[in-house]
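The structure presented is a predicted model; accordingly, all values stated were derived computationally and were not measured. Numbered from 1 within each chain, the chains take letters A, B, ... in sequence-line order.
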Amino acid sequence: MDKPVHKLFLLDAMALIYRAHFAFIKAPRITSKGLNTSAVFGFTNTLLEVLQKEKPTHLGVAFDTSAPTFRHVQFEAYKAQRQEQPEDITVAIPLVKRLLKAMCIPILELDGYEADDVIGTIAKEASREGFEVFMMTPDKDYGQLVEEHVYMYKPAFLGNSAEKLGVPEILAKWQIKRIDQVIDMLGLMGDAVDNIPGIPGVGEKTAQKLIEQYDTIENLITHADEIKGKLGEKIRENFDKAILSKQLATIDCQVPVPFDAEDLTMCGPNVDLVVELFDELEFKTLKQRVLGISATGQLSPVIARPGAPAKEKKGQLDLFGNPTEEVGKQPAIISEGIADDDAPEQAYEDLKIPTTRRKIDNTFHRYHTVDTPELMKSLAYYLGLQDAFCFDTETTSLDTIDAELVGLSFSYLAGEAFYIPVPADREKALEIVEHFRAVFENENIEKIGQNIKYDLLVLKNYGIEVHGKMSDTMLAHYLLEPDKRHGMDILAASYLNYEPVSITTLIGKKGVKQGTMRDVAIPEITQYAGEDADITFQLNEIFSKELPKVNASKLFYQVEMPLLKVLASMESTGVRLDINALREMSGVLEIDLRQTESEIYEAAGQSFNISSPKQLGEVLFEKMKLIEKPKKTKTGQYATGEDILSDLEANHVIARKILDYRELQKLKSTYVDALPLLVNRGTGRIHTSYNQAVAATGRLSSTNPNLQNIPIRTIRGREIRKAFVPDTDDFQILSADYSQIELRIMAAFSGDTSMTEAFNQGRDIHATTASKVFGVPLEEVTSDMRRKSKMVNFGIIYGISAFGLSQRLGIPRGEASEIIRAYFEEFPAVKGYMDRIVNNAREKEFVETILGRRRYLPDINSRNQTNRGYAERNAINAPIQGSAADMIKVAMINIHDWMAAEKLKSRMILQVHDELVFDAHRDEIDLLKERVDELMRNAIPMAVRMETGIGVGANWLEAH
DNA sequence: GCGACACC
DNA sequence: GGTGTCGC
């Protein structure tokens with residue numbers, strides 16, 4: 001029994017249109033209105049002919065798109081010769097598409113791919129599924145795609161009848177042994193039509209001889225010196241052109257087009273539309289013919305699906321049987337005539353979670369190595385045409401200051417990326433980077449990246465200042481899901497169902513044995529780096545649509561993105577550290593530490609490791625039995641925290657000494673000894689790294705080292721700040737901090753009149769609070785009352801609980817409750833605000849800051865009291881802490897912009913949540929004081945007056 | 001991973 | 001309430 005034969009015809013629209021146009025060039029068909037219809041006419045004839053004669057069961061017509069492709073990129077060097085597309089053809093294309101839509105014939109096109117790529121991909125897949133495939137084109141390049149069940153179909157032309165070419169015919173035609181040699185032939189001969197250069201002077205005959213003898217271009221090149229005479233010379237001179245030509249001639253059969261036989265059927269022509277078009281084009285005989293065809297039903301039973309409903313696109317499978325993810329996120333793949341014009345766009349969230357995770361091996365991609373000056377120029381040219389591109393740097397180190405560039409990757413189209421290897425030699429590296437300077441510095445091209453600040457800093461070390469709008473996927477996700485993690489691997493998994501190549505498979509596990517990116521072979525690193533850029537590009541497509549949905553676009557593009565550049569600049573500037581001062585301190589601390597240590601041993605009657613909480617607990621509570629019922633931590637150890645030891649101070653001298661020991665130890669190990677090691681050898685300065693995407697409230701954090709927790713509370717601790725010094729004698733340290741920023745925001749949000757008044761009149765807020773809470777006149781407030789009120793004020797911001805306050809103040813729970821009760825009685829608006837925001841959060845399950853930065857609090861409706869309480873405190877604290885963060889971020893951007901515009905010598909060097917620190921040139925100090933104060937106070941207008949305190953000094957301590 | 005402690 | 005680092 002014969003299986004019914006499925007005959008698939010794939011038409012190369014562009015080639016057929018061109019051929020038709022030139023066929024009639026001497027006697028073009030012109031309508032009465034002057035429209036040249038040669039191309040449409042020729043195409044239509046061919047189409048109808050194939051429908052009638054071949055009766056395909058399935059068909060599709062492929063078009064090129066105007067989006068640039070890599071082949072264009074490679075082409076660029078040769079493109080000069082290419083002629084402009086004739087206007088008649090430009091006009092013909094939409095008419096042909098209209099015809100196809102009217103006939104309900106599937107149109108195949110995909111941005112970034114040419115018709116031959118699309119046809120090649122579908123042809124191979126269809127043949128695997130049992131189709132007989134005919135690729136209808138006059139273009140000889142298609143020979144390379146022919147295989148069992150896949151044929152070239154050359155349409156009838158100028159008296160020649162149509163030709164079907166299978167494998168034997170192609171081999172005979174080219175006089176080659178294998179089909180894959182078609183591209184070697186094309187690579188050698190070149191192809192004038194497609195602007196493939198080939199080797200000059202090599203035509204079909206020579207190419208045949210060479211391929212017969214050497215089999216492939218690659219092998220020919222390795223034996224090029226064996227070839228004598230002019231030919232050998234030509235080959236040796238132009239081998240790169242031959243390789244490039246071979247690449248150019250190769251049709252890509254890995255296009256992300258899902259093959260679905262049902263997509264390649266006709267849904268039934270709309271005769272009215274066809275007739276209307278033919279009337280317009282004045283195709284009289286064709287009109288008769290098409291009416292005849294449809295009237296006799298010759299057309300519809302063959303390939304039509306009469307009355308078949310428009311197929312819904314969801315749940316489509318890709319070539320590998322995996323659901324095509326994020327329908328509507330990728331470029332439209334198949335526009336199936338009219339039927340598909342209104343295919344539903346599906347939101348990401350609605351998709352079922354597929355069970356198989358996509359990886360590089362089972363996902364379409366084109367990652368190219370770009371390693372010649374010509375290709376780099378071409379790529380740069382094409383990057384220059386984009387509105388936006390994604391880029392990523394591969395380096396030898398995570399530390400931006402001494403990271404050496406290993407490579408650059410770019411992507412501006414989902415699924416495609418380019419990797420440029422950069423050599424270790426700095427001169428050569430600079431030469432390569434130079435190709436991309438113009439696109440990086442182009443103000444009008446948006447730059448997309450994952451943690452782009454890192455890449456900006458790396459490029460800065462190669463003299464490139466990246467300009468233009470930024471879009472950082474890490475920060476976008478930070479605004480979308482501030483509590484989640486924002487690593488690329490996690491984002492790829494949750495938004496693209498994709499698992500990127502892990503870095504460990506390339507350079508090994510973390511540790512001394514871990515290699516660097518420099519050691520990875522170029523093909524592997526191309527895949528890895530290309531994937532990074534590609535995935536980031538795709539994530540950005542999703543996030544840029546998600547951000548407006550949560551009203552975060554403004555915050556993203558006007559705060560976080562500009563801030564990223566400010567932070568990059570601060571990090572790269574760094575802070576000067578007085579290492580000698582720290583060395584001296586280290587010596588003193590060491591002596592005191594040894595002294596304290598021996599005193600502790602003496603008091604304890606034994607020596608032990610004081611730094612081990614476990615040993616310390618055993619000594620204090622088992623041997624010395626300082627407390628009857630010692631507290632334990634959740635892991636069962638004795639608790640020896642500061643609060644507990646403080647309580648013991650009265651009992652035994654050892655407690656005080658242990659606290660002293662701890663302080664000295666902390667200062668020495670965390671600051672005095674650690675900081676000098678982090679001074680960069682090159683700059684002689686210390687370069688912290690600001691993380692813009694960790695604190696769920698919107699604050700920054702600082703690492704390597706953390707310069708946001710340099711001691712200030714104790715006398716000995718704050719000495720460390722003396723080591724933070726200005727650049728030269730011409731500079732001083734200037735520090736500007738917001739006074740009570742969070743309490744002021746609380747006052748503004750709650751609208752509490754007495755609190756607002758206190759601020760607006762410049763009164764001592766803690767003393768004022770004390771006078772109200774304890775019911776005494778302001779002048780009778782004691783220092784203890786003020787201290788307690790200060791704690792209450794802090795507690796309010798943190799979403800107070802009586803328990804928390806009693807802990808902080810070291811007072812009984814009852815007393816704490818009483819203070820809170822009194823507080824809320826005096827500041828009823830504050831209580832009202834707290835209740836309001838919690839209720840609001842219960843309903844929406846998120847809270848937001850003044851700039852709309854959200855924090856999601858699903859636990860606010862939890863039945864678990866602990867979790868719910870935590871969420872409630874967050875509901876109160878996050879908008880306040882976060883709004884303060886918003887405010888200083890805006891201030892930083894404005895200050896940075898102003899300083900740049902004024903071309904000041906001074907630099908902003910540190911941010912510590914409510915404080916900005918500057919390395920201030922002496923000539924600019926007065927100006928800075930005035931403008932920084934103004935820009936900080938007015939960053940975001942509020943109902944409550946903002947105030948700053950500004951100080952200047954020879955070091956950070958003196959500046960306070 | 002935890003406890004302790006530095007900062008806002 | 002939010003962080004990061006140290007030493008065990």
Would you indicate what A/Ile710 reaches in the nucleic acid, counting non-hydrogen atoms under 4.0 angstrom: base, sugar-phosphate, or nothing? sugar-phosphate
Let me have a per-nucleotide readout for nucleotides 1-8 of chain C, 5' to 3', with B, S or -, counting only protein heavy atoms under 4.0 Å. BBSBBSSS
Do A/Gln865 and A/Arg868 have side-chain atoms, one donor and one acceptor, less than 3.5 Å apart? yes
With sequence neighbours left out, which residue pairs that include part of residues 846-867 of chain A fulfil the ring pair (Phe, Tyr, Trp, His ring centres under 6.0 Å) condition? A/Phe846-A/Tyr856
A/Glu642/A/Arg662 ion pair, N-O < 4.0 Å: no
Non-neighbouring partners of A/Arg594 that pass salt bridge (charged side-chain N to carboxylate O under 4.0 Å, His left out), sequence neighbours left out: A/Glu590, A/Glu597
Contacts to DNA chain C from residues 629-663 of chain A, heavy-atom cutoff under 4.0 Å, which residues? none
Exercise: identify the closest heavy-atom pair between A/Leu582 and A/Leu577: CD1-CD2, 3.7 Å
Could you tell me which non-hydrogen atom of A/Ile850 sits nearest to which non-hydrogen atom of A/Ser883, and how far apart they are? N-OG, 3.0 Å
Take A/Asp933 and A/Thr948 through the side-chain hydrogen bond (donor to acceptor under 3.5 Å, both in side chains) test and state the conclusion after the steps. CA-CA 6 Å; A/Asp933 168 68; A/Thr948 65; 2.5 Å; yes
Distance-only polar pair, side chains of A/Asp886 and A/Thr849, donor-acceptor under 3.5 Å: yes
So with a 6.0 Å cut-off around NZ of A/Lys631, is the heavy-atom count from everything else above 12? no
5' to 3' contact window, DNA chain B with chain A (heavy-atom distance under 4.0 Å): B/dC2 to B/dC8
What residues form a salt bridge (charged side-chain N to carboxylate O under 4.0 Å, His left out) with A/Asp764, not counting sequence neighbours? A/Arg786
